[in-house]
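Since the structure is predicted, the reported quantities are computational estimates derived from the model, not experimental observations. All residue numbers in this chain count up from 1 along the given sequence.
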Amino acid sequence: MGRIVVGVDGSDASIKALRWAVRQAELTGDAVEAVNSWEYPATSWASMMPGPPEDFDPQAVATVALNEALEEALGAEGAAAVEKIVVIGNPAQSLVERSKGANLLVVGARGYSGFKATLLGSVSLHVAQHASCPVTVVRG
């Protein structure tokens with residue numbers, strides 16, 4: 001049994017990619033690994049903002065967001081069957097790293113980016129060029 005990695009940031013496109021990946025896994029018998037990646041804002045930008053509250057835990061926030069996205073897309077039973085991975089780092093690079101040894105990497109065409117006129121978002125474009133396995137970009 002192999003592994004299908006899917007990037008999930010909670011956007012509509014990532015929910016569609018997740019559903020696609022699960023259907024593909026049903027055909028191939030592969031396990032599904034849902035990945036949510038987060039990173040701290042760049043220091044030049046963040047230095048102008050007040051710091052986060054001391055009890056702020058971005059890893060916990062990302063974990064909750066991933067769990068909610070999985071349950072929204074797949075229901076509780078379907079979400080339980082998916083391996084959940086939350087990592088610190090650039091989303092594109094994190095997905096490229098997770099693609100090592102995977103049978104397939106699945107992403108939505110775009111996440112929360114504001115550049116709606118482009119065909120691919122920055123993450124989907126990066127992983128399509130650099131992943132260690134075949135990549136499926138789910139559109140529309």
Side-chain angles (χ1 to χ4, degrees):
M1 182 164 80
R3 180 169 62 93
I4 296 175
V5 175
V6 57
V8 181
D9 66 1
S11 65
D12 289 341
S14 75
I15 297 297
K16 289 176 184 173
L18 174 62
R19 288 180 178 140
W20 191 95
V22 168
R23 287 192 306 271
Q24 181 66 21
E26 289 169 356
L27 296 172
T28 62
D30 291 333
V32 176
E33 179 181 284
V35 178
N36 184 327
S37 180
W38 63 273
E39 62 184 342
Y40 287 104
T43 55
S44 62
W45 174 115
S47 64
M48 298 185 305
M49 305 285 292
E54 286 187 28
D55 63 343
F56 178 66
D57 182 357
Q59 183 78 12
V61 171
T63 300
V64 168
L66 179 59
N67 288 331
E68 288 176 353
L70 290 172
E71 286 201 25
E72 173 190 334
L74 308 173
E77 185 176 323
V82 173
E83 183 177 359
K84 299 152 195 75
I85 306 290
V86 178
V87 295
I88 302 170
N90 174 274
Q93 191 56 42
S94 297
L95 289 169
V96 168
E97 286 297 316
R98 296 301 307 175
S99 76
K100 293 175 182 170
N103 289 349
L104 182 65
L105 173 59
V106 183
V107 292
R110 74 181 61 264
Y112 285 115
S113 168
F115 301 106
K116 301 295 183 197
T118 60
L119 292 175
L120 293 176
S122 60
V123 172
S124 55
L125 180 61
H126 184 85
V127 300
Q129 294 172 331
H130 299 286
S132 299
C133 65
V135 176
T136 297
V137 178
V138 178
R139 294 185 42 85

Going from [atom1] on [X] to [atom2] on [Y], what distance comes out if it is rounded to the nearest 0.5 angstrom?
X: D30; Y: R3; atom1: CG; atom2: CZ; result: 10.0 Å
X: R98; Y: I85; atom1: CZ; atom2: CD1; result: 4.5 Å
X: S37; Y: L66; atom1: OG; atom2: CG; result: 11.0 Å
X: L95; Y: S124; atom1: CG; atom2: OG; result: 10.5 Å
X: Q24; Y: L104; atom1: CD; atom2: CG; result: 6.5 Å
X: L18; Y: R23; atom1: CG; atom2: CZ; result: 9.5 Å

Next on the checklist: Between T136 and V138, does the side chain to side chain contact (heavy atoms under 4.5 Å, CB included) criterion hold? Intermediate values first, please.
Outcome noted: CA-CA 6 Å; T136 297; V138 178; 4.2 Å; yes
[X] versus [Y], closest heavy-atom pair with distance:
X: V5; Y: A102; result: CG2-CB, 3.8 Å
X: A69; Y: G10; result: CB-CA, 4.1 Å
X: M1; Y: A31; result: CG-N, 3.9 Å
X: G2; Y: N103; result: CA-ND2, 3.3 Å
X: G89; Y: S94; result: C-OG, 3.7 Å
X: L105; Y: A131; result: CD2-CB, 3.9 Å

Checklist entry - Going by heavy atoms in the side chains, are P91 and H126 under 4.5 Å from each other? => result no
Item to check | Check: E33 and V82 side chains under 4.5 Å, non-hydrogen atoms | outcome: no
Item to check | V96/Q93 under side chain to side chain contact (heavy atoms under 4.5 Å, CB included): CA gap, chis, key distance, verdict | outcome: CA-CA 5 Å; V96 168; Q93 191 56 42; 4.1 Å; yes
Checklist entry - Is it true that a side-chain atom of S14 and a backbone atom of V8 form a donor plus acceptor pair closer than 3.5 Å? => result no
Next on the checklist: Please check: side-chain N/O of R19 versus main-chain N/O of A73, any donor-acceptor pairing under 3.5 Å?
Outcome noted: yes
Checklist entry - Does the side chain to side chain contact (heavy atoms under 4.5 Å, CB included) test come out yes or no for V123 and N90, once each step is laid out? => result CA-CA 9 Å; V123 172; N90 174 274; 5.9 Å; no
Checklist entry - Cluster question for you: counting only ILVMFWY and a side-chain heavy-atom cut-off of under 4.5 Å, with indirect links fine, are I15 and V32 together? => result no
Checklist entry - Can you get from V35 to V137 by hopping between Ile, Leu, Val, Met, Phe, Trp and Tyr side chains that sit under 4.5 Å apart? => result yes
Next on the checklist: Quick one, K84 with T63, criterion side chain to side chain contact (heavy atoms under 4.5 Å, CB included). Give me CA distance, side-chain angles, the key distance, then yes/no.
Outcome noted: CA-CA 8 Å; K84 299 152 195 75; T63 300; over 6 Å; no
Next on the checklist: Other residues, nucleotides and ligands only: do more than 12 of their heavy atoms fall within 6.0 Å of CD on E77?
Outcome noted: no
